[in-house]
Amino acid sequence: MRLDKLLANMGFGSRKEVKQLLKNGAVRVNDLVAKKPNVHIDTTEDIVTCYGERVIYREFIYLMMNKKPGVLSATEDLREKTVIDLLSDEHRHFNPFPVGRLDKDTEGFLLLSNNGKLAHNLLSPRKNVPKTYYAHVQGIVTEEDIQAFSEGVTLDDGYETKPGKLKILKSDAVSEIELTITEGKFHQVKRMFEAVGKRVIYLKRLSMGPLHLDETIPLGGYRELTAEELQLLEDIAEE
Ligand code: URA
């Protein structure tokens, strides 16, 4: 890979800014000052530094976000704030995108990555990746609802959902539940409750496949996946 591309990709500036860094003698390759932008770098062998800071090449990024309500799960929008706006430059320059969507008012686990293949695999309906949600539901959630969800319910457009596993945490005027589903239809959790005559008033995603929301991440915050989490994700994506 060209030296200027490596530096630009790793967030050291635009191609033009990177050229200036090189001119300034800020960049060294294997301890020798490198001034030419087109020098070829072997990303597995060569040691590149910029003002003494090691430049470590990587192609992919994987972020776990605790999405806050009020932001869109999209990469850009003309009017509204998106989850990408919550990222620092250091992470944004990798061009990550949300792997699956949460509604604007939904909170919780959101994976962001620039690995299109992994995202495609995780989202493939063939994979049946379970997603667990916690919700507040207006109205008393009952054993009948558990039964109905376990058989699959019919959504407003006639779609028959796959079975969902409903757990009642509190059955009251406002009930608290956990629901695990393996699909990701538009507004699916809200529409499944509508199918049994109830309304979701708060929704938070707790997990996706083997990954669980790290509750220490503040709302609207994020962190990179740990090596163990990434391994779990790669295992199911490759299955
Ligand atoms: N189901 C919904 O209704 N909304 C979400 O954001 C996710 C699942």
Side-chain angles (χ1 to χ4, degrees), residues 63-77 79-87 96-113 119-141 145-146 148-170 174-215 217-222 233 236:
L63 306 172
M64 179 193 297
M65 178 177 280
N66 184 2
K67 182 188 170 295
K68 64 177 180 182
V71 291
L72 298 182
S73 300
T75 47
E76 52 188 12
D77 192 84
R79 274 176 293 271
E80 312 242 24
K81 225 174 155 163
T82 73
V83 288
I84 303 301
D85 295 322
L86 302 176
L87 304 181
F97 53 85
V99 179
R101 282 170 172 256
L102 291 179
D103 296 338
K104 185 177 167 187
D105 60 354
T106 302
E107 300 179 7
F109 182 96
L110 185 67
L111 177 68
L112 295 143
S113 177
H120 179 79
N121 280 344
L122 281 178
L123 298 175
S124 158
R126 266 188 318 108
K127 287 275 190 235
N128 289 324
V129 173
K131 281 144 285 208
T132 299
Y133 296 86
Y134 166 82
H136 293 175
V137 178
Q138 193 100 56
I140 297 173
V141 178
D145 297 329
I146 293 180
F149 280 17
S150 74
E151 290 164 11
V153 292
T154 308
L155 302 184
D156 47 7
D157 58 0
Y159 178 78
E160 302 267 349
T161 71
K162 288 188 186 161
K165 199 166 169 15
L166 177 60
K167 193 162 121 191
I168 301 172
L169 305 176
K170 183 174 153 199
V174 173
S175 300
E176 289 176 36
I177 62 95
E178 269 180 28
L179 176 62
T180 302
I181 54 175
T182 56
E183 303 170 286
K185 301 282 172 218
F186 185 60
H187 296 329
Q188 181 152 348
V189 175
K190 293 173 185 164
R191 289 162 72 211
M192 284 178 78
F193 276 98
E194 274 164 26
V196 293
K198 278 149 208 157
R199 196 160 71 88
V200 171
I201 54 175
Y202 170 81
L203 188 59
K204 172 181 178 178
R205 183 156 63 190
L206 301 176
S207 65
M208 183 173 178
L211 301 188
H212 295 265
L213 177 66
D214 174 350
E215 300 275 358
I217 302 173
L219 264 186
Y222 68 94
L233 203 60
I236 57 159

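Indexing begins at 1, ligand by ligand and atom by atom, following the structure's order. When a residue number appears, it is its place in the shown sequence, counting from 1.
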Backbone or side-chain N or O of [X] under 3.5 Å from ligand 1 N or O:
{"X": "Val189", "value": "yes"}
{"X": "Lys190", "value": "yes"}
{"X": "Thr106", "value": "yes"}
{"X": "Tyr133", "value": "no"}

Exercise. How close do Asn66 and Gly108 get, heavy atom to heavy atom, and via which atoms?
Worked result: OD1-CA, 3.4 Å

Exercise. Parallel, tilted or perpendicular: which fits the ring planes of Phe149 and Phe193, with parallel below 30° and perpendicular above 60°?
Worked result: perpendicular

Problem set entry | Closest protein heavy atom to atom 4 (N) of ligand 1, given as residue, atom name and distance to 0.1 Å | Asp103 OD2, 2.7 Å

Exercise. Mind checking whether Tyr134 and Phe109 have ring centres under 6.0 Å apart?
Worked result: no

Problem set entry | Identity of the nearest option to atom 2 (C) of ligand 1, non-hydrogen atoms only, from Leu102, Leu203, Leu110, Asp105 | Leu203

Problem set entry | Pair Asp103 + Lys190, salt bridge at N-O below 4.0 Å | yes

For this session: Could you check if a side-chain atom of Lys67 sits within less than 4.5 angstrom of a side-chain atom of Val83, using non-hydrogen atoms only?
Result: yes

